[in-house]
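Notes for the one structure printed next.
This is a predicted model, so every value here is computed, not measured. Counting starts at 1 for both ligands and their atoms, in listed order.
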Amino acid sequence: MNSITIFKAKGLRGEIRVPGDKSISHRAVMLGSIAKGTTQVEGFLPGEDCVRTVNALRQMGVNITAPNPQELVIHGQGLRGLKPPANTIYVGNSGTSMRLLSGILAEQKFKSLMDGDASLRSRPMGRVITPLKEMGADVWAQREGKYPPLHFSPTAALNGVNYTSPIASAQVKSAILLAGLYAEGETKVTEPAKSRDHTERMFKQFGVPITIEDLAVSICGQADNALCGQNIIIPGDFSGAAFFMVAGLIVPNSEIVIKGVGINSTRTGLLEVLQQMGGEIELVNKNEQLAEPIADIYVRSSLLRGFSLPPEVVPRMIDEFPILCIAAALAEGTTTITGAKELRVKETDRICSMAEGLRKMGVKVEEFEDGMQIEGQQVLNGAKCRSHGDHRTAMSWAIAGLVAQGETEIANIDCIATSFPGFFDLLDSLKSKG
Ligand code: S3P
C-alpha cells in the first residue's frame, strides 16, 4: 500500500484532459456486450472498476479487445447470448459493476456468483435485490439477503414491474432497467429525485425505445437482437474533473482549462454550488449535439464563501462531496450539507472519513446523520490523512495538501487507480507551469 507526501503549491496552470467517464464506460461495455454486432468505444476509462466490468463480460464469453487502453472493440452476443462463467465473477471495489450486472445476471439461463473486496462486501445490495426479486429473479445474498457475495439462479422469464425506489440511485434504476430488457411487458422505475441518466441515454443510442416522464422511466422487454452495436464516444469524467476544478479555485495564482468534460446536468451539481460559493468557473466550447453533452471547463483562483446546499442538488453531485468538503474548509463562513445520508454507504462512510481528515487539518466540523457543517478558515495544517481505501477521499486529501502549511501525507493511495489512473502525473503537469 503506497503513500504520498504533498507540499504546498505556488500555482496550477495549463490545459488538461481527464480520463473518460466511469459511469458511461461501465454502461458502454454492458450494452455493447448484449447488443448484436460490433460496438466501438472511444474514451473508455481504463481504471480498475471499469476493467472489472470488461473482465466480467469476457468471463461470459464476450470478445472484447483493446487496441489501446482508451479504446475498446466489443463483439456483442445479443441479449440472450451470454455464456455461463466458469468461475466467480469478481468485481473488486466496483459497486457499479455489481449493481448493474445484477440486472443482467438476474435473467440468465445459468447460475452465477458475484463477489467483491471487503469494502464492497459491506455495501448494501438489498436495494437492487428487492426489485429484482419482485420481477421474479432468484437471487441469494449474505446477511439477511442484503450483502455480497450474490448468487443468481435461473428462473422462468422475469415479469415487468412498476417500482417506486425509496432512494435516488442511478445504480438501482439501471439494474431494474437492464432486467427490464429481458422481462415480459413493461418495467417502470420512479425515483424520488432524478439521478444520473446515462443508462436512459445509452438505451436510446442502442435503439431501445424508452419513455421518460418526469421522475419515471419505462421500457418494454426486448427481442434478442433489439440492441444494435454502436460507436460510443465517452466524454471526460466530470467527477474526475471536479478535483481539478476545486484545486484551480483554492490554489492561489491558478488558471486551468479542463478539455472535453461531460456536462450532463444530472452530474453537474458541484459546478452550480461552486459558482454560488463565488468560484470563477465557466463552461466554454459547449457541444450539446452529442448523446452526452460536453464542454471545456475554465477555472481560476477565487475567494470562496460558505453555502447551505439545498438537499435537491445532492443526487446531482453525489460523488463530489469529498472534494466539496475541501472547498468548504477554505471558504469564508460556514458550509452546511444535509440530505446526503447516502454518503454513509459509499466506498467508505464519506461523512466520517472526511470529518476525520478535516479535523486533523485543523478544521472545525460537525457531523450529522445526513451531512455535515464545516467552518471555513484561511489555512489548513498539513497532516497525516487516511484514504480508508476510498479513491475520492484519497484524491481530496491530495488537493487539500496543495494549500496546507507543511506536509500532507496520504496513506494508502493505491485505491486512486479504481477511477483515475494518472491522477498525480496530471497534477504535476499543472504544478510545473504554476
Ligand atoms: C453511479 C451512481 C452513483 C455513484 C456511483 C456511480 C452509476 O451511485 O455514486 O459512483 O454509475 O450509476 P448510486 O446510484 O448508489 O447513487
### Query
What is the nearest protein non-hydrogen atom to atom 14 (O) of ligand 1, stated with its residue, atom name and distance?
Ser169 OG, 2.7 Å
### Task
Flag the pair Arg392 and Glu320 as a salt bridge only when some basic side-chain nitrogen lies within less than 4.0 angstrom of an acidic carboxylate oxygen.
no
### Query
In ligand 1, which numbered atoms sit nearer than 4.0 Å to a non-hydrogen atom of Lys346?
3 (C), 4 (C), 8 (O), 9 (O), 13 (P), 15 (O), 16 (O)
## Note on the structure
Atoms of ligand 1 under 4.0 Å from any heavy atom of Ile318, numbered from 1 in the order shown, are 9 (O)
### Task
Record the part of Arg196 in heavy-atom contact with ligand 1 below 4.0 Å; permitted values are side chain, backbone, both and neither.
side chain
#### Entry: Passing option when Glu342 is tested against Val314, Ile167, Asp370 for side chain to side chain contact (heavy atoms under 4.5 Å, CB included)
Ile167
### Message
Under the salt bridge (Lys or Arg N to Asp or Glu O under 4.0 Å) definition, can you give me all pairs with a residue in residues 413-422, not counting sequence neighbours?
### Response
none
### Query
Which ligand 1 atoms does Ala170 reach within 4.0 Å, using its non-hydrogen atoms?
12 (O), 14 (O)
### Message
For atom 12 (O) of ligand 1, what's the nearest protein heavy-atom neighbour? Residue, atom name and distance, please.
### Response
Arg27 NH2, 2.6 Å
#### Entry: Residue list, side-chain contact (heavy atoms from CB on, under 4.5 Å) with Thr38, at least two apart or on another chain
Val73, His75
### Query
Which of the atoms in ligand 1, numbered in the order shown and given with their element, are less than 4.0 Å from a heavy-atom of Ser23?
1 (C), 6 (C), 7 (C), 11 (O)
#### Entry: Test of proximity, Gln171 against ligand 1: N or O pairs below 3.5 Å
yes
### Query
If you count the atoms of ligand 1 from 1 in the order shown, which ones are under 4.0 Å from a heavy atom of Asp319?
4 (C), 5 (C), 9 (O), 10 (O)
### Query
With the threshold set at 4.0 Å, does a side-chain nitrogen-carboxylate oxygen contact exist between Lys22 and Asp319?
no
### Message
Between Arg386 and Glu356 (salt bridge meaning N to carboxylate O under 4.0 Å), is one present in this structure?
### Response
yes
### Distance-only N or O hit between ligand 1 and Ser174, under 3.5 Å
no
### Query
Taking the six-membered ring for Trp, are Phe423 and Phe243 parallel (under 30°), tilted (30 to 60°) or perpendicular (over 60°)?
perpendicular
